[in-house]
Amino acid sequence: MKRLTAAAAAFAALAVLSACGDGAGTAKDDTGTLTEIDYYEAAPQNTQLPKLLDACGTEVGVKIEHQQVPRAQFMPKLLQQASARTLPDLALVDNPDLPQLAASGGLVPLKELSTEGLYPSIVTAGQYKGDTYGIAAGVNGLALYYNQDLFSAAGLQPPKTWDELTAAAKALTKGTRYGIAFSAVGTEEGSFQFEPFFWTAGANLKQLDSPEAIKALTLWKDLVDGKAASRSVVTWTQADVNDQFMAGNAAMMVNGPWQLPTLNAKQGLKFGIVPIPIPAPTAKPVTPLGGEMWTVGRSNPERERKALAVLKCLLGKDKSLEWSTAAGYIPSNQAAAAALAQSNPQLAAFVEEVATAQARTADLGTDYPKTSEALFNAIQSCLAGGKSPQEALKAAQASVK
Amino acid sequence: MRKLAFVAPAWLYVAVFYLYPLATNVRMGFQDFTVTSFYTGVAPFVGLRNYREVFRDPAFAGTVTNTVLFTAGSLLLQFGIGLALAVFFKRNFPLGGALRSLLLVPWLLPLVVSGTAWRWILETDSGVLNRTLLNLHLVSEPVPWLASTDLSLTAVTLVNVWVGIPFNMVILYGGLQAIPAELYEAAQLDGAGAWQRFRRVTLPLLRPVTTVVLTLGLIYTLKVFDVIMVLTQGGPADSSQTLTTFSYDLSFQQLAFGHGAAVGNLLVLVAVVFAIGYLRAERRTP
């Protein structure tokens with residue numbers, strides 16, 4: 001008898017546990033509320049997005065539950081939700097992560113949504129095996145910010161070529177101020193910051209140790225070894241880089257348009273933005289396409305239909321322009337981007353670059369994250385570990401084979 | 001029968017919260033567990049492939065060396081300094097109690113908080129440590145504590161030592177209190193000097209406590225994660241990567257969960273070996 005009681009208790013406990021699992025399932029059948037997830041932790045993005053979601057939710061007639069998690073936990077969180085079959089209806093996924101997520105089978109192909117008029121690189125970045133799984137409302141890229149006061153005091157023009165970049169960085173390094181700041185941190189951010197130089201030099205992610213790649217890494221190494229950039233670049237995220245620039249500790253920085261709202265709010269800081277310098281006057285700048293893609297998670301036809309309707313609203317002309325302006329993005333729509341560049345000269349350099357930007361996953365698809373890890377490790381072992389660019393990149397190429 | 005009913009909840013608790021996750025992790029180490037597996041639930045068994053690939057990973061050898069250096073360095077310094085402080089505080093002197101309590105502060109602070117503070121202190125250009133060293137003319141240019149592959153492991157080890165000293169000191173201090181004062185008096189009468197009293201009385205009688213402190217310290221140090229994560233994230237270029245951060249990196253950054261689980265299992269195995277050694281040692285001491 002007693003043993004039975006114990007068994008019953010155990011059974012009851014398990015039943016409670018599995019009932020919790022069911023609870024999530026019932027929530028999924030309710031079509032009046034959609035769930036959304038993203039990784040914006042800072043203003044203005046994390047304050048603007050809920051507003052837009054509410055507006056589009058009202059338009060479609062659903063309530064949208066907004067959820068945000070830190071960037072580092074974003075993919076694990078989505079995977080955990082995928083395994084519990086509770087993927088959010090709408091997820092704003094970083095574009096290099098999209099192929100992996102699409103490969104899992106948990107995303108709905110966005111067949112009904114048109115990608116006409118969008119930049120082709122953005123459309124490619126959202127595709128997996130020929131189907132579109134993600135569409136971005138706005139994208140971003142990287143450009144060179146420079147401190148106008150420091151440049152005019154030194155009688156310098158913003159650099160266009162690598163030689164000019166190195167010369168300006170050296171000339172403006174003084175006391176505790178460095179000529180340039182960039183992020184060589186050991187995450188995807190580090191690769192993202194290096195790729196404009198890597199690709200513009202003519203290198204390809206399939207061959208990490210090509211002479212072109214070595215040339216690009218040599219540029220960065222010379223800046224750090226020549227003390228025109230801090231050795232701390234290997235620990236700085238792009239947000240840290242922005243802080244250094246705002247504090248006047250760097251005369252130039254490599255950064256994206258999402259920093260504009262913060263930079264414009266800073267009193268007494270005069271800055272200009274030019275495209276990333278190129279190795280030779282004839283070279284074509286190629287920057288990585290940055291930004292997040294809206295995806296729809298599998299649930300039931302009714303919910304998926306509503307999620308698509310919300311997405312249509314978010315990607316619409318007005319809403320995507322509103323989002324781009326408020327959050328520091330370039331509209332994915334070519335015509336809208338051109339119009340924005342006209343009205344807002346701060347964005348001109350970014351818009352110019354987006355036209356030739358390359359999706360990071362274009363060549364490698366689901367293999368991109370592994371190659372990116374090899375690349376940022378190579379950058380770090382070169383800048384912080386005294387390895388030559390050749391050695392570092394050779395090791396990186398060997399590790400992805 | 002009645003006994004069983006009382007034991008059942010404990011067993012259930014252990015089964016649900018310890019055995020099940022552990023068994024899952026062991027199983028995952030033998031599976032090709034990818035991003036897709038989360039959605040489809042399908043993860044084919046691949047035998048020892050994950051382990052072979054982890055061993056062959058160019059970062060693996062360095063990670064094991066780092067783990068050994070980090071663990072040995074932390075244990076040695078934590079124990080040495082902890083013991084020295086414990087012996088020091090055994091004497092009664094004004095404010096001794098207050099000072100001893102203050103030394104516990106590192107233990108009380110959340111590691112993320114103290115880690116972030118250390119990150120600022122150790123910052124190359126503006127950190128207070130480098131500023132001080134420069135002003136004292138001890139170095140001619142800033143030391144890249146966290147930004148150099150040569151120094152990052154030393155930096156995280158030293159911070160971890162700082163974190164671990166209170167634990168060592170408190171337990172060893174407790175052990176010292178238990179040693180009867182008569183033994184010291186007797187030794188003194190026999191003509192033993194301070195060093196001899198320490199070697200012949202304190203150390204042998206402290207041995208059971210020492211075993212506990214070192215074994216627990218070893219297990220704690222092996223699984224240290226937050227200190228490294230906050231300070232360097234295992235970088236630059238994996239130079240401060242230990243098995244714990246490596247496992248995290250494989251699972252949650254590279255999303256290679258099978259590989260991450262394999263490394264996790266290796267860690268569990270090492271900890272279990274030392275735990276068994278500890279239990280054996282426990283049994284031998286009367």
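We use all heavy atoms of the structure for the numbers below, so side chains are in, but hydrogens, waters and symmetry mates are not. A, B, ... follow the sequence lines: proteins, then strands. Residue 1 opens every chain.
- F257(B) touches chain A through its side chain: at least one heavy atom from C-beta onward sits under 4.5 Å away, while N, CA, C and O do not.
- Contacts of residues 43-56 of chain B with chain A at a heavy-atom distance below 4.5 Å are absent; not one residue qualifies.
- Counting heavy-atom pairs under 4.5 Å between each of A237(B), G234(B), S152(B) and chain A puts A237(B) at the top.
- For residues 23-35 of chain B, heavy-atom neighbours of chain A at less than 4.5 Å comprise V35(B), sorted by residue number.
- For a residue to count as touching a neighbouring chain, one of its non-hydrogen atoms must lie under 4.5 Å from one of that chain's; by this rule L151(B) does not touch chain A.
- Relative to the six-membered ring of Y39(B), R298(A) misses at least one condition, a distance below 6.0 Å or an angle of at most 45° to the axis.
- Residue with the most contacts toward chain B among A392(A), A72(A), G105(A), A378(A): G105(A) (heavy-atom pairs, distance under 4.5 Å).
- Distance check: S37(B) OG to L79(A) CG gives 9.5 Å after rounding to the nearest 0.5 Å.
- In this structure, the side chains of L78(A) and F38(B) stay at 4.5 Å or more apart for every pair of heavy atoms.
- Expressed to the nearest 0.5 Å, how far CD of Q380(A) lies from OG of S148(B) amounts to 11.5 Å.
- Proximity to chain B among residues 91-100 of chain A is limited to Q100(A), judged by heavy-atom separations below 4.5 angstrom.
- Summarising the geometry of S104(A) relative to T40(B), their closest heavy-atom pair is O-CG2, 4.0 Å, with the distance given to 0.1 Å.
- Looking at D249(B), only its side chain comes within 4.5 Å of chain A, counting heavy atoms on both sides.
- Listed by sequence position, E373(A) are the residues of residues 365-375 of chain A in contact with chain B, using a 4.5 angstrom heavy-atom cutoff.
- Neither the backbone nor the side chain of F376(A) comes within less than 4.5 Å of any heavy atom in chain B.
- Judged purely by distance below 3.5 Å, without hydrogens or angles, the side chains of T124(B) and S232(A) pair a donor atom with an acceptor atom.
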- Take D238(B) and N377(A), measure what side chain to side chain contact (heavy atoms under 4.5 Å, CB included) needs, and give me the verdict at the end. CA-CA 7 Å; D238(B) 293 339; N377(A) 272 331; 3.6 Å; yes
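- In this structure, the side chain of T149(B) engages the main chain of A384(A) through a donor-acceptor pair within 3.5 Å.
- Ranked by heavy-atom pairs under 4.5 Å with chain A, the list P9(B), P58(B), A59(B), P144(B) is led by P144(B).
- Q73(A) is not listed as a side-chain neighbour of F252(B), based on a closest heavy-atom distance of 4.5 Å or more.
- Side-chain contact between M75(A) and L255(B) is present, with heavy atoms from C-beta onward closer than 4.5 Å.
- Taking the side chain as every heavy atom from C-beta outward, Q253(B) and E188(A) never approach each other to under 4.5 Å.
- With a 4.5 Å cut-off on non-hydrogen atoms, K77(A) does not touch chain B at all.
- For OH of Y20(B), the number of neighbouring non-hydrogen atoms (other residues, nucleotides, ligands) closer than 6.0 Å is 12 at most.
- Atoms OG1 and CZ, from T176(A) and R131(B) in turn, are 7.0 Å apart once rounded to the nearest 0.5 Å.
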